[in-house]
Amino acid sequence: MLVLALDTATPAVTAALHDGARVLAESTTVDARRHGELLAPAVERVLRECDASLRDVTAVVAGAGPGPYTGLRVGLMTASALAATVGVHAYGICTLDAIAFASGRTEPFLVATDARRKEVFWARYGDARTRLDGPRVDRPHDLPGELPVIGAGARIYAETIGPDRVADPEYPSAGALAALAAEHLAGLTPERAAELARVPDGRIDSVEQAIELAVLGPARPIYLRRPDAQIPGAPKKVTA
């Protein structure tokens, strides 16, 4: 097994390789405006560090969000293209699940990332591997109280959420994403692995679909709201 993982659903542009037992290489740069520019070099860097080529990769996994539209699409489209190039499956994992997994926590907590518009994408977890609710998008003051909150959304809105509730990690790690994917792939038959990578009809754009897909699913974005850009309507008639 050699899993290539990447995530661009947050300002962190991150890529990693995992051999089924450990993370072999990882590259992360935090820059919200250069996802497209930074991702390909990051992939090349981790492959070179492991003296591996793209042909050695057995699966590609990308953070499926939720996240801002443009950055999120960079990682998912790249993952799909790379997988198609070498003839392997491409998978998606909720970015919040990857952040949760990296925390290693054994008690309940929340993950929150920046959704812009003074909102956060968030989910509630029983432990690092178990999502209990979400993902959702809400105002920071609407988050459930008391529980620790990890992720950049917690830090940005620390005064609203409560500084004593904020904890690490701040951004997703492709190493954690790869490890989580490898853990699930190891227990799958080839037939089940192919089934999970299959693209569903339409977009993954509802809370119900995101929960149904659980951890491992197709490399398609989780949208929790519609994009800002809209198709213009018909021009108004001008009357004399």
Any [X] side-chain heavy atom under 4.5 Å of [Y] side chain:
| X | Y | result |
| --- | --- | --- |
| L110 | R165 | yes |
| Y125 | T130 | no |
| D7 | Y171 | no |
| R105 | I150 | yes |
| K118 | Y157 | yes |
| L180 | L177 | no |
| C94 | I222 | yes |
| F101 | E183 | yes |

Legend entry - Cationic N near anionic O, under 4.0 Å, R192 to E195: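 Looking at E195 together with R192, the answer is yes, because their closest N to O distance falls below 4.0 Å.
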Inset, instruction - Please determine if R155 and D114 form a salt bridge, counting it only when a charged side-chain N lies under 4.0 Å from a carboxylate O. - result: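 Between D114 and R155 there is no salt bridge, as every charged N stays at least 4.0 Å from the carboxylate O atoms.
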Legend entry - M1 reachable from L24 in the ILVMFWY side-chain graph, under 4.5 Å edges: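 No, separate clusters.
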Sidechain-backbone polar pair: [X] side chain, [Y] backbone, donor-acceptor under 3.5 Å:
| X | Y | value |
| --- | --- | --- |
| T58 | L2 | yes |
| S103 | A100 | yes |
| H89 | R198 | no |

